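Note that the coordinates shown come from a computational prediction; the quantities given were computed from them, not determined experimentally.
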Amino acid sequence: MSEGPSPGEPRRLLIATNHLRQLAGSEVVVLETARHFAARGCAITVFANWAAAPMAELIMAATGAPVVTDPNRVRPFAYDMAYVQHQVLGLFDYRQAADERAATRIVAGRLSRRSYLESGGWLHDRILVDHVLANSALTAEHLARIGHDAPTTVFHNAAPDGFFRPFAAKPATPRRILVVSNHLDPALADAIARLRPGIAVDHVGEGGGRVTLVTPAMIAGADLVVSIGKTVPYALASHVPVYVYDHFGGPGYLDADNVDAAARYNFSGRCCGRRLSGAEIAAEIVGSYAKGVAFAREPRQAWLDRFRQPPYLDRLLDPPLVDNAEKRRRLIKTAFIAQERMLAWHVRKNHVEREMLTLEVATLQQRLRAMAPGGLVD
């Protein structure tokens, strides 16, 4: 059994999640985690039940290795540390092996209190996980209610250091708006149409003008960001006005009165039950822009630091709470572990089959388009 990395040997990190395909929330968390530790010289293995372009290619570029999709090849105790999302711990091999570490620091990312895959509470979590990173206060409260007693930190869907920059002067009305959404609300889509062509609106995401990663330069180059979820801390860190609205509604421009409630709900827009028409959204975006600018200028660095990602990720470097021999002993003696492993494999099978069907349908649609006159079909 290995005590840990030898002098000069890089730390070994396992990152495990359910799916890596879209440029979306949980996938981007994995990518940012991989990039963070790759920059620190770690040797990184990424596992996903399903992996495909474009995200799988970005992960390979960050780590230098393809995404592993066979759970039988994953032994968490062979790593110095592991970051795990979704309910995948039950898939892996915990049998003793010559190259395993004496102790593995396992941190779980919990990104929702509603999604079955992300909400936590499985026996494997309780036995193996040393620390939990919850995306919001509500997620942390949910974990406490279901009896998950591992140390938990709210990481506020935080942003990499590259997004942090000082406030830059803004125009009287927005000239360049960046909309980031994979699930555009119809009213918001109507608002975008109303704002164009007088304002340049760049919609990034599924159904938008392009699908691409959101970069610090894109945020900094916008007069206004319209989005929910993970993109909002990017805008806050960049001191760019942000309008929170999408398919759950939302508070609109963030200000001192609504930001805490919005953050509590992970900037999802669920905080207030507020829905507007397209005309009302467009009018508010233009008419209340000064409010958004004032708040973007205002936050002090001490407040903004809660949205800085590296300190949360570096919790993976802390010592494990329990050594691997004890974790293995608890797995062996805990009732229903075998049933939970069966459930993890059932979830994997269903998700992979659904993704394969989706891919087959998309491939068939592409072939039909290519066969039709002019390369198009209705």
On a heavy-atom basis, which atom in [X] and which in [Y] lie closest, and how many Å separate them?
| X | Y | result |
| --- | --- | --- |
| Leu31 | Leu58 | CD1-O, 3.7 Å |
| Ala191 | Gly278 | CB-O, 3.4 Å |
| Ile106 | Leu128 | CB-O, 3.6 Å |
| Val240 | Ala222 | CG1-O, 3.6 Å |
| Leu224 | Pro241 | CD1-O, 3.4 Å |
| Tyr83 | Leu111 | OH-CD2, 4.5 Å |

Determine whether a donor-acceptor pair (N or O, by modelled atom type, separation under 3.5 Å) exists between the side chain of [X] and the backbone of [Y].
| X | Y | value |
| --- | --- | --- |
| Asp93 | Arg95 | yes |
| Asn324 | Arg101 | yes |
| His203 | Ser181 | yes |
| Asp130 | Leu321 | yes |
| Arg341 | Phe92 | yes |
| Tyr245 | Leu276 | yes |
| Asn258 | Tyr253 | yes |
| Arg196 | Val201 | yes |
| Lys333 | Leu331 | no |
| Arg75 | Glu100 | no |

If Ile, Leu, Val, Met, Phe, Trp and Tyr residues are connected whenever their side-chain heavy atoms lie under 4.5 Å apart, and connections chain through other members, are [X] and [Y] in the same group?
| X | Y | value |
| --- | --- | --- |
| Val322 | Leu123 | no |
| Val179 | Val232 | no |
| Val293 | Trp303 | no |
| Ile44 | Val28 | yes |
| Tyr312 | Val84 | no |

Cation-aromatic face contact Arg270/Tyr265, 6.0 Å, 45 degrees: no

Answer yes or no for Arg328 and Phe77: cation-pi contact, defined as NZ/CZ to six-membered ring centre under 6.0 Å and angle to ring axis within 45°. no

Out of Arg354, His86, Met55, which residue meets the side-chain contact (heavy atoms from CB on, under 4.5 Å) rule with His19? His86

Do [X] and [Y] have side-chain heavy atoms sitting under 4.5 Å apart?
| X | Y | value |
| --- | --- | --- |
| Leu254 | Leu236 | yes |
| Val242 | Phe267 | no |
| Arg210 | Asp202 | yes |
| Asn266 | Thr139 | no |
| Val29 | Thr17 | no |
| Asn49 | Trp345 | no |
| Arg110 | Thr152 | no |
| Val180 | Tyr234 | no |

Applying side-chain contact (heavy atoms from CB on, under 4.5 Å) to Val129 and Leu89, what does each step give before you reach the verdict? CA-CA 10 Å; Val129 169; Leu89 282 171; 4.0 Å; yes

Rounded distance [0.5 Å steps], [atom1] in [X] versus [atom2] in [Y]:
| X | Y | atom1 | atom2 | answer |
| --- | --- | --- | --- | --- |
| Ser136 | Asn157 | OG | CG | 8.5 Å |
| Ile285 | Arg194 | CD1 | CZ | 12.0 Å |
| Leu313 | Phe155 | CG | CZ | 8.5 Å |
| His156 | Leu304 | NE2 | CG | 11.5 Å |

Using distance alone, with no hydrogens and no angle criterion, decide if His124 and Glu340 have a side-chain donor and acceptor under 3.5 Å apart. yes

Do the charged groups of [X] and [Y] touch, with an N to O distance under 4.0 Å?
| X | Y | result |
| --- | --- | --- |
| Arg176 | Asp223 | yes |
| Glu326 | Arg329 | yes |
| Arg105 | Asp80 | no |
| Asp260 | Arg264 | no |

